[in-house]
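Here's the structure, in structure tokens; my notes come after.
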Amino acid sequence: MNVDKLIIQLEKKHPGELEYLQAVREVLESIEEVYNQNPQFESAGIIERIVEPDRILTFKIPWVDDNGKVQVNLGYRVQFNNAIGPYKGGLRFHPSVNLSILKFLGFEQIFKNSLTTLPMGGAKGGSDFNPKGKSDHEVMRFCQAFMTELWELIGPETDVPAGDIGVGGREIGFLYGMYKKLAKENTGVLTGKGLNWGGSLIRPEATGFGGIYFVEEMLKIQKSNLKGKVVALSGFGNVAWGAALKATELGAKVVTISGPDGYIYDAAGISGEKIDYMLDLRASNNDVVAPYADKFKGSKFFAGKRPWEVKCDIALPCATQNELDGDDAKKLVANGCILAAEISNMGCTPEAVEVFHSKKIPFGPGKAVNAGGVATSGLEMSQNSMKLNWGSEEVDQRLHQIMTSIHEACIKYGKEKDGYVNYVKGANVAGFLKVANAMVDQGVI
Ligand code: 2IT
């Protein structure tokens, strides 16, 4: 395999799909060595097959807003790979959504889902619809229109969507209701469901909790832990909320959250009612964090800036892709940061990752660190299949064990001669091998 040649070919085929090409390049660079050591991969054409989605559904979503005006959005489902299980991955509703972003997310999801140890393939979907500022009725009409197109492609044993940015419990409820009406069945076709209609305990917390369990493991091998560590995180949604809760519980002090409007610095620490307030901020539907500074005296709002300029021990991007760049990484390192981990998908640019690697700062990539969300979706699917519910302790303990095993897999394939762990390589190789071997076993299909 020749990575540069493959990327040039892909660039020609998919011009301008920058996020997708970025995600593919990172994985190819990591697996090049193990790929070339396994000639069965080359003869089965694994690389050429794994970088292209199995299929992409694109559809139009016309709906009527509260003023009686017709709106038109675009919808997508990218079914990337189902070698080890049904297609699985979230739906993102955000104005920035386009095919490149959904292809990068679907591609990442293949390896992430493989790392969870559960039988799930990779997929992603969504729309350029913006739920911010919309009424509940508008969101309902949109979700119903979206599902009218999607339902025939998905099913509890074929493709199981879930939430991502802009898709939470409310949206999953409306989507599920419409699927149920169209398919005339009550099954685990979506995850992130409400607790009294098939959802799993701990699913809302899982991405953040799992991320912090992973960070704990990263610290443990350095004979350290979270007690007293100062944590800078970005975002203020579901992922940031879960991460803040668990990091605080384990003794860390979270000093930042952020939104599209800027970031909040709270030197006293974002804990207790301040973490609960993140839910109010989100419910206000305005996509801003500035009101936090009015409510909690002593905190400060920095308009239009990112939180990576503050002094911290640990940096955790929890918002979106490429939200921490090379300059941010340099600032963090200069300020004494000892660990960075993406709880968002591809939160760091390649330049940022390069800075962390060159300074031997442990860096956890999203597909390992944030796998707890989809892992708990997998546990929701298991509970749905068995038609029974586990208690929160049981789910949490399984989640914790899965995160520990993902960390072990990263060490197995990512530990370098000097003892530094390249988690990017570890996660990519471990995730890839399982899927590639399954593809070899199953023939050219
Ligand atoms: O990026 C992700 O892993 C998710 N948004 C969760 C996907 C899922 O199927 O639970």
Side-chain angles (χ1 to χ4, degrees), residues 19 23 76-82 84-94 97 101-127 150 154-169 171-172 175-176 188-193 198-211 214 235 237-243 317-321 323 341-347 364-384 395 398-399 402-403 406 427 431:
E19 294 85 0
Y76 309 88
R77 185 70 177 166
V78 181
Q79 294 185 330
F80 229 111
N81 185 293
N82 68 350
I84 62 166
Y87 299 108
K88 178 83 194 92
L91 299 171
R92 177 176 290 192
F93 291 171
H94 192 272
V97 161
I101 288 181
L102 296 180
K103 279 174 68 181
F104 117 66
L105 289 163
F107 183 72
E108 290 277 291
Q109 202 82 43
I110 306 172
F111 309 102
K112 183 197 305 195
N113 293 3
S114 163
L115 286 169
T116 65
T117 70
L118 302 173
M120 298 183 288
K124 205 82 189 188
S127 171
L150 185 66
I154 62 175
E157 305 295 341
T158 49
D159 183 354
V160 183
D164 192 78
I165 292 171
V167 178
E171 289 75 16
I172 293 293
L175 290 163
Y176 186 79
V189 66
L190 297 170
T191 58
K193 298 186 290 299
S200 174
L201 288 160
I202 306 292
R203 179 63 190 91
E205 294 88 344
T207 311
F209 277 23
F214 193 91
N238 173 259
V239 174
W241 166 78
C318 295
T320 194
Q321 66 275 356
E323 52 169 321
E342 298 171 331
I343 313 191
S344 50
N345 287 311
M346 204 165 78
K367 64 171 75 67
V369 180
N370 73 31
V374 72
T376 307
S377 279
L379 300 176
E380 183 172 328
M381 290 165 73
S382 308
Q383 294 169 78
N384 292 163
V395 180
R398 286 177 187 270
L399 165 65
I402 288 171
M403 297 315 296
I406 296 174

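Numbers here are sequence positions counted from 1. The figures here come from the full heavy-atom set of this structure, side chains too, leaving out hydrogens, waters and symmetry mates. Start at 1 and go down the list; that is how both ligands and their atoms are numbered.
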Closest protein heavy atom to atom 7 (C) of ligand 1, given as residue, atom name and distance to 0.1 Å: Gly90 N, 3.5 Å
Is there a side-chain contact between Thr320 and Arg92 (heavy atoms, below 4.5 Å)? yes
For ligand 1 and Lys88, I'd like to know whether there is a polar contact (N/O to N/O, distance under 3.5 Å). yes
Heavy-atom check, side chain of His94 versus side chain of Val97, under 4.5 Å: yes
Close-contact set for ligand 1 against Ser377 heavy atoms, below 4.0 Å: 8 (C), 9 (O), 10 (O)
Specify the protein heavy atom at minimum distance from atom 5 (N) of ligand 1: its residue, its atom name, and the distance to 0.1 Å. Asp164 OD1, 2.9 Å
For Ser344 against Glu323, the heavy-atom pair lying closest together: OG-OE2, 2.7 Å
Heavy atom of Arg203, distance to ligand 1 below 4.0 Å: yes
Please say whether Val160 places an N or O atom under 3.5 Å from an N or O atom belonging to ligand 1. no
Using side chain to side chain contact (heavy atoms under 4.5 Å, CB included) as the criterion, point out the one residue from Ile406, Ile343, Thr207 that pairs with Val369. Ile343
Taking the side chain as every heavy atom from C-beta outward, state whether Leu399 and Ile202 have any pair of such atoms under 4.5 Å apart. yes
For Glu108 and Leu105, indicate whether the former's side chain and the latter's backbone hold a donor-acceptor pair under 3.5 Å. no
Ligand 1 to Gly163, heavy atom cutoff 4.0 Å, flagged ligand atoms 4 (C), 5 (N), 6 (C)
Starting at CG of Leu379, measure out to OG1 of Thr116 and round the result to the nearest 0.5 Å. 8.5 Å
Tell me, please: is Glu108 in heavy-atom contact with ligand 1, that is, under 4.0 Å? no
Note: Ala341 and Pro317 closest approach over all heavy atoms is O-CD, 3.1 Å
Under 4.0 Å from a heavy atom of Gly89: which atoms of ligand 1 are those, numbered in the order shown and with their elements? 9 (O)
Per-atom contacts, ligand 1 versus Ala162 - under 4.0 Å to a heavy atom: 8 (C), 9 (O), 10 (O)
State, with a plain yes or no, whether a side-chain heavy atom of Leu118 is found less than 4.5 Å away from one of Met381. no
Specify side chain, backbone, both or neither for Asn345, according to which of its non-hydrogen atoms lie closer than 4.0 Å to ligand 1. side chain
Gly192: heavy atom below 4.0 Å from ligand 1, yes or no? no
Just to be sure I read this right, does ligand 1 sit under 4.0 Å from the backbone of Lys124, its side chain, both, or neither, counting only heavy atoms? side chain
Does Arg92 have a heavy atom less than 4.0 Å from any atom of ligand 1? no
How close do Thr191 and Ser377 get, heavy atom to heavy atom, and via which atoms? OG1-OG, 2.8 Å
So the atoms of ligand 1 within less than 4.0 Å of a heavy atom of Lys112 turn out to be 1 (O), 2 (C), 3 (O)
